[in-house]
Amino acid sequence: MKIISSPRELKEYLKNINNTVGFVPTMGALHEGHISLIKKAKEQNEIVVVSLFLNPTQFLKGEDLEKYPKKDEADKKICQLSGVDVLFFPQASDMYGVDEVSILAPKVRGYVLEGESRAGHFNGVLTVVMKLLNIVNPTRAYFGKKDAQQLNLISLMVKQLFMSVEIVPVDTVREKDGLALSSRNAYLSKEERVQALKVASSLRTASAMVSKGVLNSYEIITAMREMLAPLEIFYVEVLDREFSPLSHVEIGNTIILVEVKVATTRLLDNIWL
Ligand code: AMP
């Protein structure tokens, strides 16, 4: 596995490669969720590039940038064992200068759900993803459905800015008890982790209601909110795949999304129906 930290060097290296390139951007502290993205990229491409970059511009002031889990050496091992061909491992100074051009998230879709309580977060996400895609110039790039709004906004950026990369959504990987894997799960104490299970179980309840024919969004959201209490709820929403609210679940075109705070940790999850 080649490890490259300079964007220019990576561009130079990839210029001579005529194979399909699959790209998996990450912020590190890799887990099985990230590994499933890498596996999918390996299945569908000849070369796999993973980036490991804790992007400072997507954290708001006072958020967890400083305490975000860092496991660089373990991450490198995981990438090597997963058959990654190139690991892009830049420093912030390799990625950003002063007086920067940036991508602005759309004024509506970028400021609802997670974007409402983290105003500006998606500007940072889209800007870094644009930079990374321009450096790697991949055939396909892989993003988790767990971060559904991020996936939606990146797909929108690629479409609206006429970019050529194919964005590939990847299913959420969960612990046996249903908890969606996340690097931020490391913040949870034992007791908080038990509280966190309410998120996945509220989504399972929603799915069971739909299976029984309850399609009314209000009924589903009410039942989920009852289950999530007394956690601090940022949102529970029933949306279509383009992120517009639905009064009723439409099978094949629905995402039910939830975000809560357990102690100081934000947890988000969703199901696609
Ligand atoms: P992160 O390192 O948290 O920025 O995540 C990097 C990529 O992995 C993003 O596309 C995430 O959506 C994806 N990801 C994170 N957690 C999971 C999971 N549990 N299952 C599948 N993909 C995930």
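Connection of F88 to V24 is not established within any shared hydrophobic cluster, with ILVMFWY side chains joined at heavy-atom distances below 4.5 Å, either directly or through further cluster members. Side-chain heavy atoms closer than 4.5 Å link hydrophobic residues (I, L, V, M, F, W, Y) into clusters, and following such links, possibly through other members, connects I78 to V170. With hydrophobic clusters built from ILVMFWY side chains whose heavy atoms lie under 4.5 angstrom apart, L228 does not share a cluster with L179.
Other residues, nucleotides and ligands contribute at most 12 non-hydrogen atoms within 6.0 Å of the NZ atom of K39. A 6.0 Å sphere centred on CD of E100 holds more than 12 heavy atoms belonging to other residues, nucleotides or ligands. For E232, the CD atom counts as densely surrounded, since its 6.0 Å shell holds more than 12 non-hydrogen atoms of other residues, nucleotides or ligands. D99 CG: 12 or fewer foreign heavy atoms inside a 6.0 Å radius. Residue E46 places its CD atom among more than 12 non-hydrogen atoms of other residues, nucleotides or ligands, all under 6.0 Å distant. Around atom NZ of K42, more than 12 heavy atoms belonging to other residues, nucleotides or ligands sit under 6.0 Å away.
In this structure, R184 fails the cation-pi test against Y68, since its NZ or CZ atom is not both closer than 6.0 Å to the six-membered ring centre and inside 45 degrees of the ring normal. K67 forms a cation-pi arrangement with Y187, by the criterion of a distance under 6.0 Å to the ring centre and an angle within 45° of the ring axis.
Considering only heavy atoms from C-beta on, K76 comes within 4.5 Å of I3 through its side chain. Side-chain contact between K15 and E12 is present, with at least one heavy-atom pair separated by less than 4.5 Å. Looking at heavy atoms from C-beta onward, V136 lies out of side-chain contact with S51 at the 4.5 angstrom threshold. Side-chain contact between V210 and T254 is absent, with no heavy atoms from C-beta onward closer than 4.5 Å. With contacts defined as side-chain heavy-atom distances shorter than 4.5 Å, the pair N19/N45 does not qualify.
The existence of a salt bridge linking R241 and E250 is excluded, since no basic side-chain nitrogen approaches an acidic carboxylate oxygen closer than 4.0 Å. Between D64 and R266, no side-chain nitrogen of the basic residue sits less than 4.0 Å from a carboxylate oxygen of the acidic one, so the salt-bridge criterion is not met. Salt bridge present: R193 and D177 bring a charged side-chain N and a carboxylate O closer than 4.0 Å. For the pair R118 and E63, the salt-bridge criterion is met [side-chain N within less than 4.0 Å of a carboxylate O]. Using a cut-off of 4.0 Å between Lys/Arg side-chain N and Asp/Glu carboxylate O, K40 and E43 are scored as not salt-bridged.
Of the N and O atoms on the side chains of Q58 and N55, at least one donor lies less than 3.5 Å from an acceptor on the other residue. Remark: the E259 side chain and the Y235 side chain contain an N/O donor-acceptor pair separated by less than 3.5 Å.
Smallest separation of non-hydrogen atoms from A29 and S183: O-OG, 3.2 Å. Summarising the geometry of G22 relative to Y142, their closest heavy-atom pair is CA-CE1, 3.9 Å, with the distance given to 0.1 Å. Counting all heavy atoms, side chain and backbone alike, Y111 lies closest to P106 at CD1-O, 3.5 Å.
Applying the side chain to side chain contact (heavy atoms under 4.5 Å, CB included) test between K145 and each of N152, I271, T172, I255 identifies T172 as the sole match. A side chain to side chain contact (heavy atoms under 4.5 Å, CB included) with K131 is found for one member of N134, T127, L133 and no other, namely T127.
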